[in-house]
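As C-alpha cells, the structure follows; a few thoughts come after it.
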Amino acid sequence: MEAELLHRRFDPAFAPALEQDLEQQVSCKTHHFEANTALLMLYQLHPNLAKEDVVVKAAAKALMCLPNTQFTSCMYLLSSFKSAKLELLAKLAEMLESAQFAAYWALADSKDVVDIIACVPGFEDAIRTYICGVLTLTYKKLDVANAQKLLHVNEAALAELAKAKGWPLADGTVVFPEAVQGQQQQTVKQAASTLPSELASLDQMSKILASIQN
C-alpha cells in the first residue's frame with residue numbers, strides 16, 4: 001500500500017483499493033491515516049466517486065484519534081461534501097473539543113449517531129479515552145457522580161476504569177495523581193504540536209490541490 005500511495009495517489013482508479021483498505025481498518029480496529037486522506041483527496045478531485053458511508057467511516061476513524069488534529073484535516077478535504085451524518089460527526093467533534101462531554105453523550109445516544117458509531121468498532125472506547133485525558137488535565141479530583149456523568153459509565157465501570165488508569169477512589173471522589181497528569185500533558189503536547197507526519201499542512205495541501213485542479 002505504501003508504494004502504491006507514492007505512485008497512484010491521484011489516480012481515480014486507485015479509489016476502490018483505498019476503500020477496501022478502510023474497510024479492513026474498521027474490521028481490524030487499525031488506522032491508516034495517509035491512505036484515508038488519499039482517498040478523501042480523490043473524492044474531492046472526483047466528486048462522482050464519493051460514497052457517503054466511506055466518507056463517514058474515514059471521518060469517524062480520524063475523530064477517534066483526538067487530541068490529534070486528524071479530524072480537522074479530514075474535514076478540510078471534505079469541505080464541499082454535503083452529508084447529514086458528517087454534520088453530526090462535526091457537531092460531536094465540536095462538543096468534545098470544547099469539553100461539553102455531557103452534551104456529547106446525549107447526542108451520541110441519539111439513534112442517528114448510534115447508527116454511525118455502530119459502523120466503527122471501538123469508537124466509544126476511543127472517545128472515552130480522550131475524555132479521560134481531558135479530565136486528568138483539568139481536575140485534581142472529581143466527585144464520583146460527575147465522573148460517571150462525564151464518562152457515561154456506571155459506578156462499577158468507573159471503578160474498573162479508575163483502576164486501569166491509576167486513579168484512586170476515596171470518599172466518593174476520583175483523584176487524579178500529579179504523575180498521571182504530567183504524563184497526559186506530555187501526550188497532549190505531542191499530539192497538538194504538529195499535524196501528523198503523513199499529511200502536509202493545510203496551506204501546503206491547498207496549494208497542491210489548486211495546482212492539480214488548474
Side-chain angles (χ1 to χ4, degrees), residues 1-2 5 9 18-44 52-79 81 83 85-101 103-105 107-108 113-138 150-152 161 164-165 180-181 183-205:
M1 178 61 72
E2 299 301 331
L5 281 170
R9 182 179 293 272
L18 292 171
E19 291 166 353
Q20 185 176 2
D21 183 73
L22 175 57
E23 289 300 326
Q24 185 173 5
Q25 293 173 48
V26 171
S27 61
C28 297
K29 297 185 180 181
T30 58
H31 191 209
H32 192 179
F33 183 56
E34 184 179 5
N36 295 347
T37 52
L39 177 59
L40 297 183
M41 190 182 299
L42 283 174
Y43 283 176
Q44 185 182 57
E52 183 183 33
D53 61 326
V54 176
V55 165
V56 170
K57 287 177 183 177
K61 293 292 286 186
L63 186 55
M64 291 166 67
C65 295
L66 283 172
N68 204 298
T69 57
Q70 293 183 10
F71 182 78
T72 300
S73 301
C74 286
M75 292 304 291
Y76 176 81
L77 293 172
L78 294 167
S79 58
F81 188 86
S83 164
K85 291 181 179 180
L86 199 59
E87 289 177 5
L88 280 173
L89 282 178
K91 183 64 176 177
L92 292 174
E94 179 184 342
M95 290 175 172
L96 289 169
E97 290 171 347
S98 57
Q100 300 176 55
F101 299 138
Y104 164 84
W105 290 115
L107 180 57
V113 177
V114 167
D115 290 342
I116 295 172
I117 294 174
C119 295
V120 188
F123 185 91
E124 186 172 298
D125 289 340
I127 298 303
R128 188 169 286 111
T129 295
Y130 166 72
I131 295 175
C132 284
V134 175
L135 297 184
T136 301
L137 287 173
T138 306
L150 296 176
L151 290 167
H152 202 50
L161 183 59
K165 295 290 185 181
V180 176
Q181 290 178 322
Q183 293 170 0
Q184 190 62 37
Q185 287 173 346
Q186 185 61 31
T187 299
V188 171
K189 286 179 181 178
Q190 290 174 348
S193 61
T194 61
L195 283 171
S197 59
E198 298 92 339
L199 189 65
S201 71
L202 297 185
D203 286 340
Q204 292 172 318
M205 186 64 67

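Computed over heavy atoms, backbone and side chain alike; hydrogens, waters and symmetry mates excluded.
Lys29 approaches Gly122 most closely through the heavy-atom pair CE-N, 4.2 Å. The shortest non-hydrogen separation linking Leu161 to Cys132 is CD2-SG, 3.7 Å. Counting all heavy atoms, side chain and backbone alike, Ala59 lies closest to Leu89 at CB-CD1, 3.9 Å. In terms of heavy-atom proximity, Leu18 sits nearest to Ala35 at CD2-O, 3.7 Å. Counting all heavy atoms, side chain and backbone alike, Leu96 lies closest to Tyr130 at O-OH, 3.3 Å. Across Thr138 and Val134, no two heavy atoms sit closer than the pair OG1-O, 2.7 Å.
There is no side-chain donor-acceptor pair under 3.5 Å between Thr30 and Gln25. Checked by atom type, the side-chain pair Tyr43/Glu19 shows a donor-acceptor distance below 3.5 Å.
Contact annotation: the side chain of Phe33 approaches that of Ser73 to within less than 4.5 Å [non-hydrogen atoms, C-beta and beyond]. Using a 4.5 Å cut-off on side-chain heavy atoms (C-beta onward), Arg9 and Glu34 make contact. The shortest distance between side-chain heavy atoms of Lys61 and Met64 falls below 4.5 Å. In this structure, the side chains of Ile127 and Tyr104 come closer than 4.5 Å at one or more pairs of heavy atoms. With contacts defined as side-chain heavy-atom distances shorter than 4.5 Å, the pair Thr37/Gln70 does not qualify.
Note that CG of Leu22 and CG of Asn36 are 5.0 Å apart. Values are rounded to the nearest 0.5 Å. Expressed to the nearest 0.5 Å, how far CG of Leu88 lies from CD1 of Ile116 amounts to 5.0 Å. Summarising the geometry, atom CG belonging to Leu92 is positioned 4.5 Å from atom CG belonging to Leu107; distances are rounded to the nearest 0.5 Å. In this structure, Leu40 CG and Phe81 CZ are separated by 9.5 Å, a value rounded to the nearest 0.5 Å. Note that CD of Glu87 is 11.5 Å distant from NZ of Lys91, once rounded to the nearest 0.5 Å. For the atom pair CD of Gln20 and CG of Leu39, the computed distance is 12.0 Å after rounding to the nearest 0.5 Å.
By the 30° and 60° cut-offs, the orientation of the rings of Trp105 relative to His152 is parallel.
The backbone N or O of Thr72 lies less than 3.5 Å from no partner atom in the side chain of Thr69, so there is not a single donor-acceptor pair.
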For Met75 and Leu86: C-alpha separation, side-chain torsions, deciding distance, then whether side-chain contact (heavy atoms from CB on, under 4.5 Å) applies. CA-CA 9 Å; Met75 292 304 291; Leu86 199 59; 4.0 Å; yes
Test Phe123 against Leu63 for side-chain contact (heavy atoms from CB on, under 4.5 Å), laying out the working first. CA-CA 9 Å; Phe123 185 91; Leu63 186 55; 3.8 Å; yes
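With a 6.0 Å radius and a threshold of 12 heavy atoms from other residues, nucleotides or ligands, Glu2 has its CD atom above the threshold.
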